[in-house]
Amino acid sequence: RGTKHDVVEMARGNAEKFLADEAARIEQANDQTLGAVRELGRYLGLKEEPMRMECFDISHNQGSETVASMVVFEGGLPKKSDYRRFKIRSAEGKPDDFLSMREVTERRYTKLAEDEMPDLIIIDGGKGQLSSALEIIRGAGHLDVPVVGLAKQFEYIFTEGSSDPVILPRRSQALYLVERIRDEAHRFAITFHRKLRGKRNLVSVLDHIVGVGPKRRQALWTHFGTLDKIKAASVDELASVPGMNRPSAEAIVHFFEAQRELRGKQ
């Protein structure tokens with residue numbers, strides 16, 4: 001009675017509000033994952049819900065350091081343990097997204113068993129990239145897996161055998177899911193491309209330092225990860241890297257100090 005009754009009623013009200021908020025959060029999370037998967041399957045007219053989706057993207061700098069990424073979503077959520085990265089060999093030195101897409105899909109699917117195939121393959125690109133991927137995937141005997149191309153603009157989805165794209169409704173959970181998958185594939189590809197480009201730049205710069213050969217360059221890259229971190233490192237930090245010694249560490253520090261002084265005079 002009295003104050004104690006008021007405290008109990010307040011606790012009951014707080015509990016009811018918490019449960020209602022939690023139920024709404026769970027419902028929203030379900031809409032954005034499994035609900036979005038089912039919705040996407042309906043819009044694409046798929047026979048089975050695309051519970052596992054694999055998406056590919058190509059990244060390069062005018063044909064240099066061409067890479068491909070494969071990201072995987074299961075139940076509407078990323079499965080990062082299944083992500084894959086590919087260094088593209090066939091199109092190195094010349095920008096050719098079609099040839100790159102042929103190579104990455106060939107490396108991924110030609111030796112894959114039918115029961116290991118995903119429920120949906122998404123190619124980040126328009127009709128050209130989709131055609132390149134389809135030629136490889138269908139040629140490998142995978143005739144039933146749906147393959148679609150996602151246009152760079154407007155998120156239009158191109159499907160096999162149709163000239164008209166599927167346009168997902170704005171603000172639909174299916175569209176948001178496709179955008180998340182596309183953005184994740186792009187991020188993963190860009191990250192790998194930048195890493196390779198940084199490693200190449202590191203090699204070209206350290207080539208000019210006496211006492212730093214291929215093994216020490218690799219050791220420095222493994223330890224520091226970027227050229228900027230190597231530039232900022234002290235002699236003691238550099239010398240502590242496995243395979244390095246103090247004279248080589250001092251040579252690196254002096255080299256970058258001389259570069260900074262030269263830029264300051266220009």
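Computation of the quantities below employed the complete heavy-atom set of this structure, encompassing side-chain atoms and omitting hydrogens, waters and symmetry-equivalent molecules.
Looking at Arg85, its side chain never comes within 3.5 Å of a backbone N or O of Met70 through a donor-acceptor pair. When atom types are taken as modelled, the side chain of Thr110 and the backbone of Arg107 share no donor-acceptor pair closer than 3.5 angstrom. Glu49 contributes no side-chain N or O that, together with a main-chain N or O of Arg38, makes up a donor-acceptor pair within less than 3.5 Å. A donor-acceptor contact shorter than 3.5 Å is absent between the side chain of Glu103 and the backbone of Ile88.
Within the model, atoms CH2 of Trp221 and CG of Leu227 stand 8.5 Å from one another, a figure rounded to the nearest 0.5 Å. Here the CD atom belonging to Glu237 is positioned 12.0 Å from the CD1 atom belonging to Ile252, to the nearest 0.5 angstrom. For the atom pair Arg102 CZ and Ser131 OG, the distance stands at 11.0 Å (nearest 0.5 Å). Taking CD1 of Ile122 as the reference point, atom CD1 of Ile157 lies at 7.0 Å (rounded to 0.5 Å). Taken from CZ in Arg182 to CG in Asp124, the straight-line distance is 6.5 Å, to the nearest 0.5 Å. Taking CG from Leu177 and CG from Leu168, the interatomic distance works out to 9.5 Å, rounded to the nearest 0.5 Å.
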Please assess Lys47 against Asp144 for the test salt bridge (Lys or Arg N to Asp or Glu O under 4.0 Å), listing each intermediate value before the final yes or no. CA-CA 10 Å; Lys47 296 178 181 178; Asp144 297 325; over 6 Å; no
Just do the side-chain contact (heavy atoms from CB on, under 4.5 Å) check on Glu114 and His142 with the steps written out, would you? CA-CA 7 Å; Glu114 196 64 31; His142 302 301; 2.8 Å; yes
After noting the C-alpha distance and the side-chain angles of Arg84 and Ser69, does the key distance pass the side chain to side chain donor-acceptor pair (under 3.5 Å) rule? CA-CA 6 Å; Arg84 296 291 182 270; Ser69 68; over 6 Å; no
Are Glu54 and Arg108 close enough, and set up right, to give a salt bridge (Lys or Arg N to Asp or Glu O under 4.0 Å), and what steps lead you there? CA-CA 10 Å; Glu54 297 182 357; Arg108 171 60 180 164; 2.8 Å; yes
Could you go through the side chain to side chain donor-acceptor pair (under 3.5 Å) check for Gln218 and Thr222 one step at a time? CA-CA 6 Å; Gln218 182 60 50; Thr222 302; 3.2 Å; yes
Could you walk me through whether Ser100 and Asp97 pass side chain to side chain donor-acceptor pair (under 3.5 Å), step by step? CA-CA 5 Å; Ser100 299; Asp97 288 353; 5.0 Å; no
side-chain contact (heavy atoms from CB on, under 4.5 Å), that's the test. Do Phe224 and Val241 meet it? Break it down for me. CA-CA 9 Å; Phe224 291 102; Val241 175; 3.6 Å; yes
Working note: Asp57 + Arg187, criterion side-chain contact (heavy atoms from CB on, under 4.5 Å); need CA distance, chi angles, decisive distance, verdict. CA-CA 9 Å; Asp57 187 31; Arg187 178 200 65 79; over 6 Å; no
Please step through side-chain contact (heavy atoms from CB on, under 4.5 Å) for the pair Met101 and Glu106, ending with a clear verdict. CA-CA 8 Å; Met101 193 59 71; Glu106 182 177 13; over 6 Å; no
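Listed here is the closest heavy atom pair of Ala36 and Gln173: CB-O, 3.5 Å. Closest non-hydrogen pair, Tyr176 versus Arg171, comes out as OH-CA, 3.0 Å. Taking all atoms of both residues into account, the shortest heavy-atom contact from Ile181 to Cys55 is CG2-CB, 3.4 Å. Here the closest heavy-atom approach between residue Val67 and residue Ala189 is recorded as CG2-O, 3.6 Å. Nearest heavy atoms, Ala68 versus Val104: CB-CG2, 3.7 Å. Of all heavy-atom pairs spanning Gly76 and Arg180, the tightest one is O-NH2, 4.2 Å.
The side chain to side chain contact (heavy atoms under 4.5 Å, CB included) with Met244 is formed by just one residue from the set Ser240, Ser248, Pro242; it is Ser248. With Val148 as the partner, the side chain to side chain contact (heavy atoms under 4.5 Å, CB included) test is satisfied by one option alone out of Leu46, Val178, Val166, Thr159: Thr159.
Between the side chains of Glu116 and Tyr109, not a single donor N or O lies within less than 3.5 Å of an accepting N or O.
Phe158 and Ile136 fall into different hydrophobic clusters, where Ile, Leu, Val, Met, Phe, Trp and Tyr are joined by side-chain heavy atoms under 4.5 Å apart, directly or via other members. Under the 4.5 Å side-chain heavy-atom criterion for Ile, Leu, Val, Met, Phe, Trp and Tyr, Leu77 and Met51 are members of distinct hydrophobic clusters. Linking Ile, Leu, Val, Met, Phe, Trp and Tyr residues whenever their side-chain heavy atoms come within less than 4.5 Å places Leu112 and Ile137 in a single cluster. Hydrophobic clustering keeps Phe98 apart from Ile58 (ILVMFWY residues linked when any side-chain heavy atoms are closer than 4.5 Å, directly or through intermediates).
Aromatic rings from Phe86 and Phe188 are positioned such that their centres are separated by 6.0 Å or more.
The shortest side-chain heavy-atom distance between Glu184 and Phe73 falls under the 4.5 Å cut-off. You'll find the side chain of Pro50 reaches within 4.5 Å of the side chain of Met53, heavy atoms only. With contacts defined as side-chain heavy-atom distances shorter than 4.5 Å, the pair Leu120/Leu44 qualifies. No side-chain heavy atom of Arg12 sits less than 4.5 Å from a side-chain heavy atom of Lys17.
Under a cut-off of 6.0 angstrom, the local environment of CG in Asp6 is crowded, with over 12 non-hydrogen atoms contributed by other residues, nucleotides or ligands. The local environment of CD in Glu250 is crowded, with over 12 non-hydrogen atoms from other residues, nucleotides or ligands closer than 6.0 Å. Around NE2 of His186, the count of heavy atoms belonging to other residues, nucleotides or ligands within 6.0 Å does not exceed 12.
Asp236 meets the salt bridge (Lys or Arg N to Asp or Glu O under 4.0 Å) test with Arg246; sequence neighbours excluded.
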